[in-house]
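Report on one structure; see the data block that follows.
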Amino acid sequence: MASTNSTDPIPARRSISPQDGDDWASIAARELRGTPAEEAVNLLQSWNLHVFMRPAADSAGQGNPILPSDIIFVEPPPAERP
Amino acid sequence: MLDLIIRNGLVVDGTGLPAYRADVAVAGGRIRRIGQVNEPAHREINAEGLAVAPGFIDPHTHFDAQILWDAHAKPALAHGVTTIVPGNCSLSLAPLKAKHRNKLVGMFNQIEEMPLKAFEVGVQWNWESFEDYLARLAEDLAINVAPLVGHSLLRLWVMDDAATQRSATDAEVGAMQALLRRCLEAGAVGLSTSFVDVDERLRPVPSRFADFRELDALASVLSEFGRMLQVVPEFYDTDLNIARVDQLAELSLKHGIPTTFSPLFVSSDQRIDAERVMARVGEQFARGARVWPQVQTRPIDISFSFAVPSLLFIRLPSWYRVMRFGSHEEIVAAFRNPDSRRQMVAEAASMPDLWPGLRLRQAQSEANRPLVGKTLAEIAELRQSTPVESMIDLSLEEDLDAHFLSADMAHNDDARVGGLLAHPQVHVGASDGGAHILSFSTYGDTGYLFSRFVRETGALSLEGAVKKITSDTASIWGLGDRGLLQSGCAADIAIFDPTAIDRGEEYAARDVPGDGSRYVRDAKGIDTVIVGGEVAWSAADGYTDARRGALLPGAAS
């Protein structure tokens, strides 16, 4: 799915659905262009604790905790926005 | 000759319009006339002083297994519920290959807290296809059933073990579409999926391995039939919930289908900002989408003992691991071992507000019975201990048969909950009927709607409350001739005293196959419940032998 529809009446917190094979690094490279890679991954993880801090058993395994159905936020929560 | 006349009742017809006094005539399973009826009938019911309303519809249940050993879905029917929707949260009992049965039972046990023994003793598995499952259900039904198909089952059927490992290929998505189409043709009311649940090994359920492309493809099949998509969102987080609202709106608009998500809770600590979610729902309705939040009427109460796993502890891994996977002896050992006990007590400190208010609900020993009804804070004071230590000690003293109650945990702000229930874009539901049977009673939410939010707080009128759980639900789910008292509609009728309808006290009933127990609540103020034109339950005679339950919406023509 593409990013949240820009015609929505008020902006929602921008999010994406993972693409096949996505991990933190690939999402960071695609969605946070211009941000250094390591920092971008750290930011993404901090905005997505529901995925990053999920118990190990509650994940896809194989080192990648991101599930195909997950919502991944690509901006901070409203309270943290500048 | 009519079959039945209900005389002199206050007709609350489900439209939300003002109630009026009239007779209701029934013949051939349908309402024939409403007004003054002079024809004779085989049976008459005097409804003087009582409300006569369409039977209530419960859109979020897990009666999938119970309905196989209990044609009435007790005690839901006695509460006035004449139609139930099982198959929510990505789990149904079909379509299901024999080799996946244990996996499914494990998921029901983990997610819906239904005992394994009940499945072993109560379910005779003699179907695989959805068509055969419906045929089995149709053999003995006293209540109407509108079954959803579980997304996790579609994945298991098509992908086997890969269902819990990866996204589906295009060919697999196509196979799931074909399978869903067959289920809808046979009479499924829609598809359910889950974004939060875990299986018996605490790994994500199959539906969580589906990418949006797969969900979109399945929604396109729902659109062929105009059927419902039900989801369990990340209900514990406002931003995630809103993101799911947007996702559902996209599917609803693209495919022209209704969608619903459940539950939407009111949280006192604002971790879930229900009003912000509702604002988003309103914006999506304004765009033309149908995204119905389901809101339950009752506050959240949870009972538990350490003899069976309780979802109350799922955020406390050292507790939940041993409860879920440990034997009785291993749980006792974990409580006795100083190291593991220390770790558990330390972990429990992350939920400091929970423990002091827990009440000892049940104890077997003479020594502890005087403590029943006291809070853990009170017991801790008596014992010069802490609430958590007292809970562990009591459990050891009772050989794990000490039962505790966490009452009014959340969703208990009457003003906010009442406001939501009355909201035109809220769908009253999420009872979870038939599930969590050792954690809380999932019966009586409709009675509670009237007692708390009509009579006590006045959040809804009598007519408004009836509309919410009858014609609104039927319209949202496309259940054509249900939910209204009008000539020609199916004669599903609840007759009740509007000044007395309520839920009774919660108690443990020992009526689960395999000698199991469950928490239930009896109905109060219900006089008679009619399904398909025949009395299925009455206060005077209890459950009857009538078997007029139907499968809804029925096979696609």
Side-chain angles (χ1 to χ4, degrees), chain A residues 1-24 26-28 30-32 43-82, chain B residues 90 151 164-169 193-216 231 233-234 236-247 249-251 253-254 273 276 279-280 282-287 289 314-315 317 320-321 324-325:
Chain A
M1 188 177 77
S3 298
T4 305
N5 193 335
S6 61
T7 64
D8 287 345
I10 60 168
R13 187 176 172 194
R14 210 160 56 86
S15 64
I16 58 124
S17 294
Q19 297 175 5
D20 200 23
D22 258 348
D23 57 17
W24 294 117
S26 64
I27 297 173
R30 191 169 64 242
E31 301 293 335
L32 299 180
L43 281 172
L44 266 186
Q45 291 172 341
S46 72
W47 297 335
N48 292 282
L49 295 179
H50 63 286
V51 177
F52 182 59
M53 297 297 283
R54 197 154 50 194
D58 188 10
S59 70
Q62 299 167 348
N64 183 6
I66 298 171
L67 295 173
S69 66
D70 280 333
I71 295 279
I72 303 294
F73 291 115
V74 291
E75 65 180 15
E80 294 176 25
R81 284 182 213 159
Chain B
S90 96
H151 186 185
T164 51
Q165 293 165 359
R166 60 170 171 79
S167 302
T169 64
T193 195
S194 169
F195 298 115
V196 299
D197 289 306
V198 291
D199 68 10
E200 73 285 2
R201 293 183 298 150
L202 306 186
R203 287 178 48 83
V205 293
S207 66
R208 293 176 65 189
F209 289 84
D211 55 22
F212 190 75
R213 173 187 56 108
E214 177 179 326
L215 195 56
D216 182 58
V231 312
E234 294 87 341
Y236 45 80
D237 182 283
T238 304
D239 284 351
L240 285 167
N241 210 327
I242 288 172
R244 291 299 179 198
V245 167
D246 290 348
Q247 209 174 52
E250 181 172 328
L251 291 170
L253 287 168
K254 179 177 178 183
D273 187 341
R276 196 152 70 85
R280 194 63 176 180
E283 287 157 7
Q284 294 296 4
F285 265 98
R287 296 174 67 206
I314 199 161
R315 299 285 166 196
Y320 194 70
R321 199 178 304 116
R324 185 72 186 87
F325 300 113

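It should be emphasised that the depicted structure is a prediction, and the values quoted were computed from it without experimental measurement.
The distance from atom CG of B:L240 to atom CG of A:N48, rounded to the nearest 0.5 Å, is 8.0 Å. Between A:H50 atom NE2 and B:D237 atom CG the span is 7.5 Å, to the nearest 0.5 Å. With rounding to the nearest 0.5 angstrom, the CD1 atom of A:I16 is 13.0 Å from the CZ atom of B:F212.
Taking chain A as the reference chain and counting heavy-atom pairs below 4.5 Å, the highest number among B:V245, B:T193, B:D211, B:D216 is found for B:D211.
The heavy-atom pair separating A:S69 from B:S207 by the smallest distance is CB-O, 4.4 Å. For the pair B:P204 and A:L67, the tightest heavy-atom approach, listed with the atom from each and the gap, is CG-CD1, 3.7 Å. Of all heavy-atom pairs between A:D20 and B:S167, the closest is OD1-OG, 3.9 Å. In this structure, A:A12 and B:R280 approach most closely via the heavy-atom pair CB-NH2, 3.4 Å.
Atom CZ of B:F285 sits in a crowded spot, with more than 12 heavy atoms from other residues, nucleotides or ligands closer than 6.0 Å.
A:R13 is not listed as a side-chain neighbour of B:I242, based on a closest heavy-atom distance of 4.5 Å or more. At least one side-chain heavy atom of A:S17 sits under 4.5 Å from a side-chain heavy atom of B:Q247.
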